[in-house]
Every structure is written in structure tokens, then in C-alpha cells.
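Here the structure is laid out as C-alpha cells; the discussion comes afterwards.
Quantities reported herein were computed from a predicted structural model and do not represent experimental measurements. Side chains included, hydrogens not; waters and symmetry mates left out as well; all remaining heavy atoms used. If you read the sequence from its start, that first residue is 1, and numbering goes on from there. One-based numbering, in listed order, for ligands and for the atoms of each.
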Amino acid sequence: MPEARLQKVLADAGVASRRGAEALIVAGRVTVDGAPAHLGERVDPRAARILVDGRPLRAPAGHVYLALNKPFGVTSTVRDRHATRTVVDLVPPAVLARAGRVYPVGRLDRDSEGLLLLTNDGDWSQRVAHPRHELAREYAVQVAVPLDGGRIAALRQGIALDEGVARVDDIRPATAAETAKLAASLAPPPSPEGWYRVTIAQGWRRQLRRMFAAVGVPVHRLVRVRIGSLWLAGLAPGETRELEPGEIRRLGGPSAGGTPGATAPRATARAGLIVSLDGPASSGKSTVGAAAAVRLGYRFCDTGLLYRALTWVALHRRTALDDGDALAALVPEVALAPDDHGGLTRVTADGVDVTDAVHDTGVDRHVSQVAQYPAVRAALQPVQRAIAASGRIIMAGRDIGTAILPDADLKLYLDVSVEERASRRIAQRALDPRGASAVAVLADLRRRDALDSQRAVGPLRVPAGAVIVRSDGRSFDQTVRSVVARVRAAERAGAGRDG
Ligand code: DC
């Protein structure tokens, strides 16, 4: 393998962004063949022994980590008297010879398709499958009859199964682009109708099939498209590929020295977390998040600005506000830019800085409508993920921990009663608390809460595994300090787990 710059090797291995890797090198946390590393050093990643905080970069020799696109009809247990074919039969013989044996991490029913992990590393497998890890799994689910709002709501609220209440973290109709892309991964190719995208953190036996059956809609086809940060795309049916070191780390941590059940090893490796901060309208997410980020030395991103900027462009160009696809097509026009404190609070649309305009009443009035279209949300998803990818960020919104960053290192939910939010607004605007305008403020917040939590796609919900930060009766500074303390604690927990 050719030599490459050390910071690139570290970044490729998923340790940190290139800049983060440079910081690790400068901080003296990286050694190459026993000597402290220096910036710009060139290494052969296959030959050199590279340690970060004393731990090797590469998986120990002999361990094998595979992603498989499991076809319909193949059993995911290793040995089954009744099975004609098991997933192990799909592993290339050369890989199997090197590994000795491999077994699936978790399971995927015989009649389900898609992403399945295989390994011979027992610790890693345990960490990936451990419920405490709550790695989100996303499925493409095809049903014969479209789901109505009532059924979607029932699935979201939870279905009582023998094991307990089964919940989906997110459910929405698949976009046409997603379904078209999925076709390359399925045999036989799917019909395009009736596809939904469902994300769950629980993983009970045949959970989605039983949940859908409970609302009277049998599942026709079920394809796992994502486990944590790993996507199925690019694998043909029956095909396997070996995971990259960075992928192995992100899913379950490095093999050496980890504790079973440990989560988010990348957090420490990156020396900064990805933090999601969700909460209802006017809960103070953006002010609290921005202030906490400054104290932590993190970046801050208020994703509401993206929806607002998009709405501004649509109004400016007179795009029909009831045409989700036309609105989604405007997404490339909007971007966030850093302010003087590293916060991504400046927003440009059509190349023009519109930061001051995105809180206008026109935008205010229409933004909820724009934000409800699946096509808009799907188009903004990669934009938000790309912003978060380099880490050390607090990202605020309504669906960040549930849909945009389901693998965030730390998920926070800012909880404030609607009455407290209304009284803060009323005080801010110096309104008479008993006057008609004050009543209207409360009614408007209730209306926005209802819109945000009832929309079909990316509704506001407390993400699985989120820490709830309550701010009723607490000062702004107390709430900021509580967020900072949570992030610091998670940073320390990450460091402890890794060591
Ligand atoms: O937080 P805000 O009021 O600036 O958000 C503006 C709108 O965008 C609001 O209608 C909710 C929506 N939004 C969303 O749907 N998802 C996000 N992640 C952020 C905002």
C-alpha cells in the first residue's frame, strides 16, 4: 500500500476529521512504530504500527468484519437443519478461510432482505448488538395498502407486544428517489408502490412484521437499509464486502480493549461529540444550544434556519408552496455559513445573506407548511448530516435525534411547558399578560406544537435514549450549564469506555 499523510490515514480510519487528526498529532496522542508522530509524516498504513492514545488503529489480524446484502429466502443462522442455504454460504471462500468462521451479528428473518453484519469478533458483535448501544436500524417496508394517519400514529405511539411496548422512532413514506435507488439492491426488483421508511432502535424478533400486523397491514417486503451509520447501498443481492476500519469503529468500537456494551467509541476518537438537541418551538434550543456550544468550543447549527431559508427562497421565487418536489428542488440554493463565534447562524439563499430576513412574518407563516413535505425533509437530510459529520457540534431542531442523526453520541431534548414558553415570549415582547395578544401567543404555540408533532414525516418526538433537559422554572444560564455538564459527562464517559 502506498504511503499517505498520517492525518489522512487517521481520517480514513474514522478516528477524526483531517483537522481533528492534526490536533491529535499535535497534542502528542499519536505514535508511529513507537515514536511520537509529527504533522505531515507519511506512513504506510498496512505496515506501520499506529497508536492513538495507546490503542491500535487497525483491527487485530484475523478478525473479519463483513456487510452482506442478504437475499430473500436465505437463513441468517449459521447452522439450520431445515435451511437449504444460510448466510455463511454467501461469504467468499477466501474470506472464510482467513476468518476460520463467521457468524451473523443479530438476525434478519429468512424472508427479510438487506443489510446483515457478519464477524468472528465476539466482543465487537456483542457491542453492536447490545441494546444499550441502541444503534438505529432503518428499514424499507413495502405494504399492499397505504397506511392512513391513524395507523401511522398507532405505530409511533407504540404497539403492545409480548416483550413490552414496541415503538418506531420514525416512519414516513419513502421518496421516489429512495425507492428507485433501492431497486439496485433487490432481487427480484421491487414494484415502486407502497414503500415506507421506518427507523427503530429496538430489535425484537420479527418486530416490524408483528407491529404492522397489529394495525391490520401485513408487510409485503422488508429490507434493512441501514445499521447505525452503515448503509446497504452499493451491495448487490447476495454480495458481501469487508468493512473499512472507520466503519468498524463507528459501529462497535475498536476490537482491542473495549468493554462489551460500550457505546460511541468514535466520540473519544474525535475528541468532540455529535450532540443532537431537539425540542418544541420557542423552547430556547437555538439560544441555549449556541451558548452551550461557545462554552464547550463546539460548533452550533440551528437546522430551523435551513427550513426558513428554503421558505424564503420559495416565497421570493413564487414557487408553489403546495408542491413538495418543487420546494425540494430549491434545497441546493440554501446554505449555512459560520458567524464570528464558529456558530452556523448565518444563512444564505440564492447566494444572498438572508439571515435577517428568515424570521420575517412571511417566512414565519409558511415555514411549517414547507417543513412538512417528505421530499423537502429528504433533500435537507444529507445537508444536515454533512454539516454534522466532522463532529464537535450541537445540532438543534425537531427531528435531529430521531431522523437526522440517529447515531448522535449524545441526544438532548429540551423540555419546557407550553405555558412557560408563552410567558417568556410575552415578557420578551412586553405584552400585557392578560391581553388578547398574550392569549394569541399561547394559541399560536399550541398550534405549532400540534403541527410539529402530528406531521407524517420527522415529527417532533423525544428520541430514544435522549436525556431530557427541563427548563421550566430555571434561568437561561442554569439551562445552558446543564447542557454543558451533560456534554462534558458524555465526553468523559466516552473516554472511560474506550480505556
Ligand atoms: O425552530 P424554528 O422555529 O426556527 O423552525 C422553523 C420551522 O422549521 C418550524 O416550522 C419547524 C421546522 N423545523 C423542522 O421541521 N425540523 C427541524 N429539524 C428544524 C425546524
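- Looking only at side-chain heavy atoms (C-beta outward), W124 and L251 come within less than 4.5 Å of each other.
- A 4.5 Å side-chain heavy-atom check between E193 and H220 finds every atom pair outside the cut-off.
- In terms of polar-atom proximity, defined here as any N/O pair under 3.5 Å, Q384 makes no such contact with ligand 1.
- Here the protein heavy atom with the shortest distance to atom 9 (C) of ligand 1 is R398 NH2, 3.6 Å.
- Near A371, meaning under 4.0 Å from any of its heavy atoms, are these atoms of ligand 1: 12 (C), 15 (O).
- At the top of the distance list for atom 6 (C) of ligand 1, counting protein heavy atoms only, stands R308 NE, 3.7 Å.
- Among all non-hydrogen protein atoms, the one lying nearest atom 20 (C) of ligand 1 is G304 CA, 3.5 Å.
- Nearest protein neighbour of atom 10 (O) of ligand 1, counting heavy atoms only, is S368 OG, 3.3 Å.
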- Query: How far apart are the C-alpha atoms of L321 and V370, what are their side-chain angles, what is the distance that settles it, and do they pass the side chain to side chain contact (heavy atoms under 4.5 Å, CB included) test?
  - Reply: CA-CA 7 Å; L321 293 184; V370 170; 4.1 Å; yes

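- Looking at atom 19 (C) of ligand 1, its nearest protein heavy atom turns out to be T303 OG1, 3.4 Å.
- Open room surrounds NE2 on H316; 12 or fewer heavy atoms of other groups in view lie less than 6.0 Å from it.
- Although no hydrogens or angles enter the test, the distance criterion places a donor-acceptor pair under 3.5 Å between the side chain of T355 and the main chain of V347.
- Looking at D452 next to ligand 1, no N or O pair under 3.5 Å apart turns up.
- At least one N or O atom of R377 sits closer than 3.5 Å to an N or O atom of ligand 1.
- On a distance-only criterion, H359 and ligand 1 share no N/O pair closer than 3.5 Å.
- Close approach of ligand 1 to R448 is summarised as follows: ligand atoms under 4.0 Å from at least one heavy atom of the residue are 3 (O).
- Looking only at protein heavy atoms, the nearest one to atom 8 (O) of ligand 1 is Y307 CB, 3.5 Å.
- Around atom CZ of R19, no more than 12 heavy atoms belonging to other residues, nucleotides or ligands sit under 6.0 Å away.
- Side-chain atoms of R221 and S112 include no donor-acceptor pair closer than 3.5 Å.
- Every atom of ligand 1 with a heavy atom of G397 under 4.0 Å away is listed here by number and element: 18 (N), 19 (C).
- Judged purely by atom type and a 3.5 angstrom limit, R385 has no side-chain atom pairing as donor or acceptor with the backbone of L405.
- At the shortest separation from atom 7 (C) of ligand 1 among protein heavy atoms lies V367 CG2, 3.5 Å.
- In this structure, I387 and L344 have side chains that are in contact, with non-hydrogen atoms separated by less than 4.5 Å.
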